[in-house]
Amino acid sequence: MKRKLGWTGLLWLCAWLVMAGTLEPLRARLDTLTGVSQIEKLSTDYYPEKYVMKFEQYVNPKDTALGKFRQRVVVCHRGFDRPTVLVTEGYGGKYALSPNYQEELSKLFDANVVFVEYRYFLESVPSPKNWDYLTAENSAYDLHRVTKTFRQLYPGKWMSTGISKGGQTTMLYRAYFPDDVDFSVAYVGPLCRGVEDGRHEPFLRKVGTRKERRKIAGFQRRVLQQRSELMPMFERYVEEKGYTFRTSLDEIYDLSVLEYPFALWQWGTPVSGIPGRDADAKALFDHWMQISDPVYFSIGQDTEPFNVQAARELGYYGYDTRPFEKWLTIRTAKGYLNRIMLPDELRDRVEFNPALYHKIYNFLKDNDPKIIFIYGEIDPWTAARVPTFEGKRNEQVYIQPRGSHLSRISNMPDEMRATIMKQIEVWLAE
């Protein structure tokens, strides 16, 4: 027997239907977005809803006839009325799929996340893979299209952020599309002016204390001086790992030693952990591999697209061989990036163009964008940090004392962290 709804019941039903429409699940709204496909729900420890999807992009945004590819995007949902963090990832985005992934600004300000994997990495590779279209400008257009689309879901404040190469991407995105987001936080992102920038080597000669630098140089000398004893371990290690290289194993040995101080300082490894003078060969070798594994120079790494961009427009760093020249098998390390770290088809084709450096530099000089830059004091990438210009109110640079490439808002000194947090809260409220 059917029961009739009274006026109270009808009013309640109407209210429920309105509320249900207002609280429409994220998935239903994602389905309405142009260019979004292959939506999959992800498990998450921190967000009410989380999805990974593919987003349709142009291989060359300035010549759409060249076709499209699909770029991986991850959305972590807090609320349609919450601010949104655009993560300008510089590499692959696999780590964002993890249930325990939580972006720092999202955590601090209860914000949504739109995470964009960089073109030519992992699942965001055009086919066929034409390296000509792996450019900073094209990556900025990718982010522009994503932001324009997802603003339909999230109309509130937007902040862009990235770490390391992602921090570089945050900068270049603002230089190309300054008004796409309300403000940005760029973590440990260098602004290099050459394929071997020239500022990193002097930085390494001054970073830390004199005692620390002596201990590091002493370790490098021992590894080079004990080559005859350590090389068999090195050969066996490389064979077991399946590494292959575009140059001799002796040169890879040398380069791994030269890379050691950069890698150690970059990640803030305590100098106290360097084996002492009485350490045996195995202890030396194990520590060396822990800090400066030769996989960095091997063929077929997921970071290969970064090497291409570094050689072409992002810039990189060189090595100072002079303190160790009597023990090295190479006379110079100059040109190592192009010679041994680029795909074979590009080794003789790529020349560095400083246009991107000048574009970002001039954008910061001629404007006052709302950008917070965070660096670590002992991180060698800080040698190529962004310049600071007089009279700027919005551009702010913070350097964490004894901070590494892991410097973040959350691990800043209390006073510095409070200043950064207050500034972001002001920008969110404007």
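Nothing fancy with the numbering, it's 1 onward along the sequence. Just so you know, these numbers come straight off a predicted model, no measurement behind them.
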* Asked: So Tyr336 and Glu259, side chain to side chain donor-acceptor pair (under 3.5 Å) or not? Walk me through it.
  -> CA-CA 12 Å; Tyr336 74 96; Glu259 172 66 18; 5.3 Å; no
* Going through the distances and angles, do Arg246 and Asp344 end up as a salt bridge (charged side-chain N to carboxylate O under 4.0 Å, His left out)? -> CA-CA 9 Å; Arg246 295 185 177 91; Asp344 292 337; 2.7 Å; yes
* To do: Any chance you could lay out the ring-ring contact (aromatic ring centres under 6.0 Å, His included) test for Tyr176 and His144, step after step, and finish with the verdict?
  => CA-CA 9 Å; Tyr176 280 102; His144 177 64; over 10 Å; no
* Asked: Passes side chain to side chain donor-acceptor pair (under 3.5 Å), Tyr47 versus Ser106? Steps please.
  -> CA-CA 10 Å; Tyr47 299 94; Ser106 172; 2.9 Å; yes
* Step by step, work out the side-chain contact (heavy atoms from CB on, under 4.5 Å) result for Gln152 and Leu33. => CA-CA 8 Å; Gln152 298 174 57; Leu33 298 180; 4.1 Å; yes
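Using a 4.0 Å cut-off between a side-chain N of Lys or Arg and a carboxylate O of Asp or Glu, Glu137 and Lys359 do not qualify as a salt bridge. A salt bridge links Asp254 with Arg227: at least one charged nitrogen is closer than 4.0 Å to a carboxylate oxygen. A salt bridge does not link Lys129 with Glu345: none of the charged nitrogens is closer than 4.0 Å to a carboxylate oxygen. Using a cutoff of 4.0 Å between basic side-chain nitrogens and carboxylate oxygens, Arg199 and Asp197 are scored as salt-bridged. Ionic pairing of Arg385 and Asp379 is not present here: no N-O contact between side-chain nitrogen and carboxylate oxygen is shorter than 4.0 angstrom. With respect to Glu104 and Arg408, no salt bridge is recorded, no charged nitrogen being found less than 4.0 Å from a carboxylate O.
The side chain to side chain contact (heavy atoms under 4.5 Å, CB included) check on Arg70 picks up Ser37, Gln38, Lys54, with sequence neighbours excluded. In terms of the side chain to side chain contact (heavy atoms under 4.5 Å, CB included) criterion, residue partners of Phe245 (sequence neighbours excluded) are, by chain and number, Val238, Tyr243, Leu249, Ile252, Pro294, Phe297, Ser298. Judged as a side chain to side chain contact (heavy atoms under 4.5 Å, CB included), and not counting sequence neighbours, the contacts of Glu201 are Arg205, Asp320. Listed by chain and residue number, His77, Phe80 satisfy the ring-ring contact (aromatic ring centres under 6.0 Å, His included) test with Tyr154 (two or more places apart in sequence, or in another chain). Looking at residues two or more places apart in sequence or on another chain, you find a side chain to side chain contact (heavy atoms under 4.5 Å, CB included) between Asp414 and Arg417. For Tyr316, the ring-ring contact (aromatic ring centres under 6.0 Å, His included) criterion is met by Phe306, Trp381, not counting sequence neighbours.
Residues His287 and Tyr260 form a side-chain contact, since some pair of their non-hydrogen atoms from C-beta on lies under 4.5 Å apart. In this structure, the side chains of Asp302 and Tyr91 stay at 4.5 Å or more apart for every pair of heavy atoms.
Using modelled atom types, one side-chain atom of Glu49 and one backbone atom of Leu26 make a donor-acceptor pair closer than 3.5 Å. A distance-only check finds no donor-acceptor pair linking the side chain of Asn138 to the backbone of Asn60 [under 3.5 Å].
Distance check, rounded to the nearest 0.5 Å: OG1 of Thr84 to CG of Asp182 gives 10.0 Å. Taken to the nearest 0.5 Å, the CD atom of Glu123 stands 6.5 Å off from the CD atom of Glu117. Here CD of Glu304 is found 9.5 Å from CZ of Phe121. Values are rounded to the nearest 0.5 Å. Distance OG/Ser407 to CD/Glu377: 9.5 Å, rounded to 0.5 Å. The CG atom of Asn100 lies 9.0 Å from the OG1 atom of Thr44; values are rounded to the nearest 0.5 Å. From Gln423, atom CD reaches atom CD1 of Ile420 across 10.0 Å, with rounding to the nearest 0.5 Å.
Using the six-membered ring where Trp is involved, Phe285 and Tyr237 have ring planes that are perpendicular, over 60° apart on the 30 and 60° scheme. By the 30° and 60° cut-offs, the orientation of the rings of Phe183 relative to Trp427 is tilted. By the 30° and 60° cut-offs, the orientation of the rings of Tyr319 relative to Tyr317 is perpendicular.
At most 12 heavy atoms of other shown residues, nucleotides or ligands fall within 6.0 angstrom of atom CG in Asp348.
Thr170 and Thr88 are linked by a side-chain donor-acceptor pair at a separation below 3.5 angstrom, with hydrogens and angles left out of the test.
The aromatic ring centres of Trp158 and Phe150 sit 6.0 Å or more apart. In this structure, the ring of Tyr46 has its center no less than 6.0 angstrom from the ring center of Tyr101. Proximity of the aromatic rings of Tyr361 and Phe389 is defined here by a centroid distance below 6.0 angstrom, and this criterion is met. Between Tyr95 and Phe115, the gap from one ring centroid to the other is short of 6.0 Å.
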